[in-house]
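What follows is one structure encoded as structure tokens, with my remarks underneath.
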Number of protein chains: 2
Amino acid sequence: MSDTPKQRDPERHAEKMAKKARAREKIMATKQIEKGLIIVNTGKGKGKSTAGFGMVLRALGHGMKVAVIQFIKGSRDIGEKKALQAFGDQVHFFACGEGFTWETQNIEKDRALAAKTWAEAEKALLPDSGFDMVMLDELNVVLKYGYLDLDEVMPALLARPAMQHVIITGRNAPEALVEHADLVTEMTLVKHPFRSGVKAQKGVEF
Amino acid sequence: MSDTPKQRDPERHAEKMAKKARAREKIMATKQIEKGLIIVNTGKGKGKSTAGFGMVLRALGHGMKVAVIQFIKGSRDIGEKKALQAFGDQVHFFACGEGFTWETQNIEKDRALAAKTWAEAEKALLPDSGFDMVMLDELNVVLKYGYLDLDEVMPALLARPAMQHVIITGRNAPEALVEHADLVTEMTLVKHPFRSGVKAQKGVEF
């Protein structure tokens with residue numbers, strides 16, 4: 001491990017930090033492209049949808065228009081849904097209206113729900129939708145379960161407005177999606193309160 | 001890999017899903033503890049602060065009172081800051097007001113800023129602060145750099161109100177903090193748009 005500012009004398013610190021700042025400026029200068037990104041949050045850890053909602057919040061702060069389309073969750077997202085109401089027409093929220101997949105026992109119903117939710121997503125991805133950001137929450141799970149086909153999803157994603165950002169969340173992101181994505185983060189569980197008998201709590205889990 | 005619902009016949013699917021639901025209910029029934037959690041988002045990937053803000057959004061949706069204390073960032077968090085204004089008095093936002101550490105070259109100034117920001121955090125952690133959730137954004141970085149001492153931080157964290165949740169973000173979470181934490185997630189970078197020359201964009205990076 002390198003030394004920390006604690007151990008470093010002030011002059012050496014100033015020098016080192018100035019060098020870092022110059023290196024950073026140089027790197028930033030090479031980044032000139034602006035485009036709509038495909039952002040994927042995957043992995044077994046927490047924070048995939050939560051980070052998606054954090055990005056939605058940030059976009060709303062900039063006055064951007066956002067669509068949130070939820071493919072799987074339903075009953076547990078009360079907090080986000082209520083909070084987003086503070087932004088009125090700036091945000092469009094659509095939830096498939098069912099709980100987690102493993103709470104349903106009817107495969108045909110699940111497929112029909114996925115198709116209905118996808119139809120809503122397709123509308124948000126259209127050139128004239130007016131959305132600057134679209135969050136497709138838990139889409140990965142629906143793809144993994146085979147309720148939707150990536151061959152159906154990918155063309156709509158690629159044909160979306162050039163500056164529109166799309167956030168896709170859920171475990172098991174398909175490889176073909178990761179290949180097309182610009183920003184991919186894997187959330188890894190290090191420690192979970194369930195293991196100590198703590199129940200799901202307001203504000204944290206829902 | 002196990003078969004997906006696509007290949008499975010409806011009856012077997014229903015059976016399998018019912019079994020999953022029962023198993024889940026059984027597990028949930030054992031989780032009875034409610035308490036304020038120490039939540040740590042760390043790792044080199046994106047989404048640490050963003051997931052923190054997503055959790056803040058969720059809490060605000062539930063009518064909870066939230067304090068957001070930013071130890072390092074400043075200029076780049078315009079989106080979140082603006083968006084949180086929609087919630088008025090429900091949220092208290094304090095930023096140390098400086099850019100990233102490597103933009104400053106004065107170690108004494110950095111230390112003084114860290115101390116000032118920590119004083120604000122300490123107030124939010126007091127029993128009578130009235131905050132249901134406190135986000136200490138980038139605290140890990142300040143600890144790592146040695147601008148603040150964990151021995152000073154830990155007692156205040158542990159003495160906070162029993163039901164108050166604390167979210168701590170930043171790379172390199174100290175081991176002693178992880179030990180005391182209830183929920184720890186590591187964000188891992190899989191793919192970043194900077195690598196393809198894409199610059200930081202509104203709504204995504206700031």
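Each chain gets a letter, A, B and so on, in the order the sequences are listed, and its residues count up from 1.
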Contact part of [X] toward chain A, heavy-atom cut-off under 4.5 Å: side chain, backbone, both or neither?
X: B/I39; value: side chain
X: B/M64; value: side chain
X: B/M133; value: side chain

Note, B/V198 side chain near A/L183 side chain (heavy atom, < 4.5 Å): no

Starting at [atom1] of [X], measure out to [atom2] of [Y] and round the result to the nearest 0.5 Å.
X: A/N41; Y: B/K46; atom1: CG; atom2: NZ; result: 10.0 Å
X: A/T185; Y: B/E186; atom1: OG1; atom2: CD; result: 12.0 Å
X: B/F53; Y: A/R58; atom1: CZ; atom2: CZ; result: 7.5 Å

Most heavy-atom pairs under 4.5 angstrom with chain A, which of B/E34, B/E108, B/K19, B/M187? B/E34

For residues [X] and [Y], report the shortest heavy-atom separation together with the two atoms involved.
X: A/A83; Y: B/F87; value: O-CZ, 3.5 Å
X: A/G47; Y: B/A51; value: O-CB, 4.0 Å
X: B/M55; Y: A/T50; value: N-CG2, 3.3 Å

Backbone N/O of [Y] and side chain of [X]: donor-acceptor pair under 3.5 Å:
X: B/H192; Y: A/V184; value: no
X: B/Q201; Y: A/K35; value: yes
X: A/K191; Y: B/A181; value: yes

Kindly indicate, with the supporting measurements, whether the criterion side chain to side chain contact (heavy atoms under 4.5 Å, CB included) is fulfilled by B/V190 and A/V40. CA-CA 10 Å; B/V190 178; A/V40 175; over 6 Å; no

What part of A/L37 gets closer than 4.5 Å to chain B, counting heavy atoms only: side chain, backbone, both or neither? side chain

